[in-house]
Amino acid sequence: MKVYLSKKFRTNFYHIHSRLHRDFSSLYYLQGTDVVTNIEQYFDFAHFVDIYAKSEIAYVKEHLKKKVIVNYFVRKLPKFSGISDVRIPFEDKRILNKCDLILVSCQADKMILIANEVRTPIEILTPALSEERYSKMSPLERGSFAQYAGLLKDEQTAFAVVNYRNVQDIQDLIALAESMKNLSFYVFGPKVKVFSTSGKIRKMIKKAPKNLHFKAYVSEDIFKSAVVTSKVFIVTREAELEIINILEAMIAKTQVVTFNNHFTGDVLIDDVNCIVACSPEQMAEKIQSVLDGKAGTVEEAWREAREYDYDSRGKILKEIVKNCIE
């Protein structure tokens with residue numbers, strides 16, 4: 001059995017899709033499925049980690065007559081309050097209905113697709129994690145973020161990932177940083193969005209407090225160092241592809257704190273594997289409790305994240321593929 005695993009991704013989310021491609025390569029290998037990355041080679045079915053490889057998906061389905069599996073991350077509205085709020089783009093729906101199987105990362109995404117009348121079978125496959133990725137980091141690897149950011153000795157940091165298009169997310173982070181001068185906040189996002197986002201957001205970023213640093217995505221090694229050395233990982237309201245970062249923070253024993261979003265009540269459970277806040281003021285209070293050692297959910301989150309190892313995810317993928325292909 002051979003799978004064509006496409007390497008065509010959206011550039012603004014390259015780090016996520018690159019990670020997914022690497023993970024699925026490993027999962028297929030562990031389960032005895034050969035991976036090819038050249039569409040001209042022979043393969044039994046195709047797997048796309050990004051729906052935006054539209055022309056290739058159409059080519060595989062219409063010309064090669066092969067079955068197609070695709071990963072899909074639902075884009076949520078800034079003021080998400082329920083599944084009925086979300087409408088996926090018509091073009092996405094059209095392509096998804098041409099595929100043979102859709103892989104989503106959580107129950108919320110599956111329910112949103114069903115509510116949008118996507119007819120293709122949908123399976124939930126939580127991304128795979130490697131505990132050794134963090135537990136076996138060398139001192140040099142652990143210190144790469146501090147060196148990149150020019151941190152002072154014992155300087156405490158928090159970090160978040162944003163898409164630089166949601167005004168509320170930027171306002172939340174600014175208010176949070178203004179109320180917590182004892183903490184340095186680092187925010188990562190696609191570089192292209194910094195220059196194509198609204199003028200209002202650009203002005204807000206320009207006037208942000210000095211302890212709040214908006215950055216483009218850094219290398220994987222520096223990002224991994226930021227995960228393991230930061231005190232908290234902040235999940236914003238419009239979390240889209242962040243489940244991978246959330247799980248990485250959990251396995252690295254970094255405290256996850258979150259505003260209300262589509263992950264809360266599904267992937268994230270308040271006072272179980274994360275801490276939920278409704279406002280920047282409340283989040284500042286809860287983060288301070290974490291810093292003071294009075295609150296925290298890292299142990300429970302770590303135990304949960306360990307269940308998403310490559311072996312268990314590979315077995316689930318193998319069964320999913322078997323049912324789809326046969």
Side-chain angles (χ1 to χ4, degrees), residues 1-29 33-77 86-105 109-110 112-125 127-128 163-165 189-197 216-217 220 240-244 317 320-326:
M1 184 76 73
K2 290 186 177 181
V3 55
Y4 167 63
L5 192 58
S6 175
K7 298 186 75 172
K8 287 194 174 182
F9 324 127
R10 285 176 291 171
T11 55
N12 56 329
F13 288 115
Y14 181 84
H15 76 299
I16 294 290
H17 294 115
S18 178
R19 159 73 190 276
L20 278 174
H21 188 278
R22 185 181 65 223
D23 285 348
F24 276 106
S25 293
S26 299
L27 294 178
Y28 279 121
Y29 173 79
T33 301
D34 293 331
V35 174
V36 300
T37 55
N38 185 337
I39 201 168
E40 300 300 326
Q41 293 178 269
Y42 172 80
F43 56 88
D44 297 288
F45 66 100
H47 187 153
F48 296 84
V49 298
D50 188 0
I51 192 177
Y52 289 85
K54 299 176 183 178
S55 59
E56 279 199 353
I57 292 174
Y59 178 78
V60 172
K61 285 296 299 177
E62 298 168 13
H63 181 73
L64 300 181
K65 307 298 182 183
K66 302 286 187 180
K67 289 193 173 182
V68 168
I69 297 174
V70 63
N71 287 83
Y72 190 73
F73 294 87
V74 176
R75 176 179 173 180
K76 283 75 182 179
L77 296 178
V86 183
R87 291 291 179 268
I88 66 171
F90 175 80
E91 181 65 10
D92 285 11
K93 181 177 176 180
R94 184 184 69 81
I95 295 172
L96 289 171
N97 278 328
K98 285 187 175 182
C99 297
D100 299 281
L101 179 68
I102 303 166
L103 295 180
V104 295
S105 61
D109 277 6
K110 180 175 181 177
I112 288 168
L113 290 180
I114 292 173
N116 277 268
E117 299 181 342
V118 172
R119 300 183 300 274
T120 302
I122 305 164
E123 295 286 350
I124 300 171
L125 183 62
N163 50 37
Y164 291 119
R165 68 182 175 219
K191 185 177 181 179
V192 63
K193 294 296 182 182
V194 176
F195 300 103
S196 63
T197 192
Y217 287 131
E220 187 174 358
E240 182 175 346
L241 300 173
E242 266 184 56
I243 187 168
I244 292 178
L317 177 63
I320 288 173
V321 170
K322 179 182 176 182
N323 293 336
C324 174
I325 301 305
E326 294 183 355

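For the single chain, residues carry numbers from 1 onward in sequence order.
For the pair Lys54/Glu91, a side-chain contact is recorded, criterion being any heavy-atom separation below 4.5 Å from C-beta on. Side-chain atoms of Glu123 and Asn323, non-hydrogen and from C-beta on, never get closer than 4.5 Å to each other. Side chains of Phe48 and Lys8 form no contact here, defined as non-hydrogen atoms less than 4.5 Å apart. Within the 4.5 Å cutoff, the side chain of Ile320 has heavy atoms near those of the Leu101 side chain. When side chains are defined from C-beta on, Ile244 counts as touching Leu20, because their heavy atoms get closer than 4.5 Å.
One distance of note links NZ of Lys93 with CZ of Arg87; it measures 9.0 Å at 0.5 Å rounding. Separation of atoms CG (Leu96) and CD1 (Ile88) is listed at 5.5 Å; rounding is to 0.5 Å. Taking CG of Asp50 as the start and OG of Ser6 as the end, the distance is 8.5 Å to the nearest 0.5 Å. Note that the OH atom of Tyr4 and the CG atom of Asn38 stand 7.5 Å from one another [nearest 0.5 Å]. Distance check, rounded to the nearest 0.5 Å: CZ of Phe45 to OG1 of Thr33 gives 5.5 Å. Once rounded to the nearest 0.5 Å, the distance linking CD1 of Ile51 with CZ of Phe9 reads 15.0 Å.
Within the 3.5 Å criterion, the main-chain N or O of Ile102 finds no donor-acceptor partner in the side chain of Thr120.
Annotation: Glu117, atom CD; neighbour count of heavy atoms from other residues, nucleotides and ligands within 6.0 Å does not exceed 12.
The two residues Met1 and Ile325 come nearest to each other via the heavy atoms CE-CG2, 4.3 Å. Taking all atoms of both residues into account, the shortest heavy-atom contact from Asp23 to Ala128 is OD2-O, 3.9 Å. Summarising the geometry of Leu5 relative to Val35, their closest heavy-atom pair is CB-CG1, 3.8 Å, with the distance given to 0.1 Å.
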Please table the atom pairs, donor to acceptor, closer than 3.5 Å between any side-chain atom in residues 61-74 and protein atoms at least two apart or in another chain.
residue	atom	partner	partner atom	Å
Lys61	NZ	Asp100	OD1	3.3
Lys61	NZ	Asp100	OD2	3.0
Glu62	OE2	Lys98	NZ	3.2
Lys65	NZ	Glu62	O	3.0
Lys66	NZ	Phe43	O	3.1
Lys67	NZ	Cys324	O	2.9
Asn71	OD1	His47	NE2	2.7
Tyr72	OH	Asp92	OD2	2.7

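The only option from Val104, Leu103, Asp109 that meets the side chain to side chain contact (heavy atoms under 4.5 Å, CB included) definition with Ile122 turns out to be Val104.
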